[in-house]
Amino acid sequence: LIRSFEEAKQKLGYSEDYESFNLCEVMDASFKLIGVGPVVFVNVLDPGQHKTSVNNEEVEVVNLEATVKQEGILLDTVEVKSVDGETTYEKDADYFLSFNEKGYLMISVLEGGAIGSATSLSLNFDKIDPSKVTVEDIIGGYDTSSESYKGIETVETIFPKLNVVPSILIAPGYSHEPEVVAVLASKQDGINGSFKTENIVDLLGETRQEAKEY
């Protein structure tokens, strides 16, 4: 449950790559452009599943710091090596890891560590990959074994858990898919047996007429 842009950034992170990170576009539209809220965000991106591996990424060290200009790097997966691959450096002994304001990974070389005066490093890491999120992830469902809700199905938990009534349902970047629209429509008349919503869905088309036909 998010009530401001700053809270959204703090709890979910923020990127201007709206095509990859759809919820960030909602943050911008809701809190900065229009000024409506609160908004309940359901993040279906699972770092354990929706990720990709990057190997032998070479970065330059300048003034004992190196920056990896990629978003979504998973900190616990980062491995720092010498460029020839023969030496694996030790975190907190040879270097520190952090993120800058843009969400880029920063490697701070520690004086006296094994990296020494090396001008380049080689990295292996995993990073989140939003392109691996599927329509099935968005739709979600109820898992009887774990008694947990996922995706759109989590709308049933909003009032009991957060004490707010859902009034508009959206699935940005995915609601042009017929299956997603159908699930949103199935939810709009009987949430918790009481609440009705409106839905905002995406249309496809290069012209107004094409959008209407879609």
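A search for side chain to side chain donor-acceptor pair (under 3.5 Å) contacts involving S53 returns D126, not counting sequence neighbours. Applying the salt bridge (Lys or Arg N to Asp or Glu O under 4.0 Å) criterion to D28, with sequence neighbours excluded, gives K32. For K11, the salt bridge (Lys or Arg N to Asp or Glu O under 4.0 Å) partners at least two apart in sequence or on another chain are E7. Partners of Y18 according to the ring-ring contact (aromatic ring centres under 6.0 Å, His included) rule, which considers only residues two or more places apart in sequence or in another chain, do not exist here. Under the side chain to side chain donor-acceptor pair (under 3.5 Å) criterion, N100 pairs with no residue, sequence neighbours left out.
Side chain of N124 to backbone of N56: a donor-acceptor contact under 3.5 angstrom is found. Without hydrogens or angle criteria, S30 side chain to M27 main chain gives no donor-acceptor distance under 3.5 Å. Side chain of D94 to backbone of E90: a donor-acceptor contact under 3.5 angstrom is found. Between the side chain of S175 and the main chain of P172, no donor-acceptor pair closer than 3.5 Å is present. Judged by distance alone, with hydrogens and angles left aside, the side-chain atoms of T67 form no donor-acceptor pair with the main-chain N or O of K69 at under 3.5 Å. Looking at E71, its side chain never comes within 3.5 Å of a backbone N or O of G103 through a donor-acceptor pair. In this structure, the side chain of Y214 engages the main chain of H176 through a donor-acceptor pair within 3.5 Å.
For E210, the CD atom sits in a packed shell: over 12 heavy atoms of surrounding residues, nucleotides or ligands are nearer than 6.0 Å. Around the CG atom of D92, the shell of radius 6.0 Å holds more than 12 heavy atoms that belong to other residues, nucleotides or ligands. Other residues, nucleotides and ligands contribute over 12 non-hydrogen atoms within 6.0 Å of the NZ atom of K132. Summarising the local packing, CD of E198 is surrounded by 12 or fewer heavy atoms from other residues, nucleotides or ligands at distances under 6.0 Å. Summarising the local packing, CD of E57 is surrounded by more than 12 heavy atoms from other residues, nucleotides or ligands at distances under 6.0 Å.
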Evaluation steps, side chain to side chain donor-acceptor pair (under 3.5 Å), between E6 and Q10: CA-CA 6 Å; E6 289 304 318; Q10 178 185 2; over 6 Å; no

Take V180 and L184, measure what side chain to side chain contact (heavy atoms under 4.5 Å, CB included) needs, and give me the verdict at the end. CA-CA 6 Å; V180 175; L184 289 174; 4.2 Å; yes

Could you walk me through whether T88 and E79 pass side chain to side chain contact (heavy atoms under 4.5 Å, CB included), step by step? CA-CA 7 Å; T88 299; E79 185 179 47; 4.1 Å; yes

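Following chains of ILVMFWY side-chain contacts shorter than 4.5 Å, one cannot reach Y149 starting from V155, and the two form parts of different hydrophobic clusters. Cluster membership for L23 and I139, using ILVMFWY side-chain heavy atoms within less than 4.5 angstrom, is not shared.
Ion pair E86/K81 not flagged as a salt bridge, since none of the NZ, NE, NH1 or NH2 atoms sits closer than 4.0 Å to an Asp/Glu carboxylate oxygen.
Within the structure, ring pair (Phe, Tyr, Trp, His ring centres under 6.0 Å) contacts touching residues 73-123 (residues at least two apart or in different chains) do not occur.
Using a 4.5 Å heavy-atom threshold, the side chains of Y142 and E147 count as touching. In this structure, E58 and S122 have side chains that are not in contact, with every pair of non-hydrogen atoms separated by 4.5 Å or more.
Between F5 and Y14, the distance separating the two ring centers is shorter than 6.0 angstrom.
Put simply, the residue from D129, D137, T134 that forms a side-chain hydrogen bond (donor to acceptor under 3.5 Å, both in side chains) with H50 is D137.
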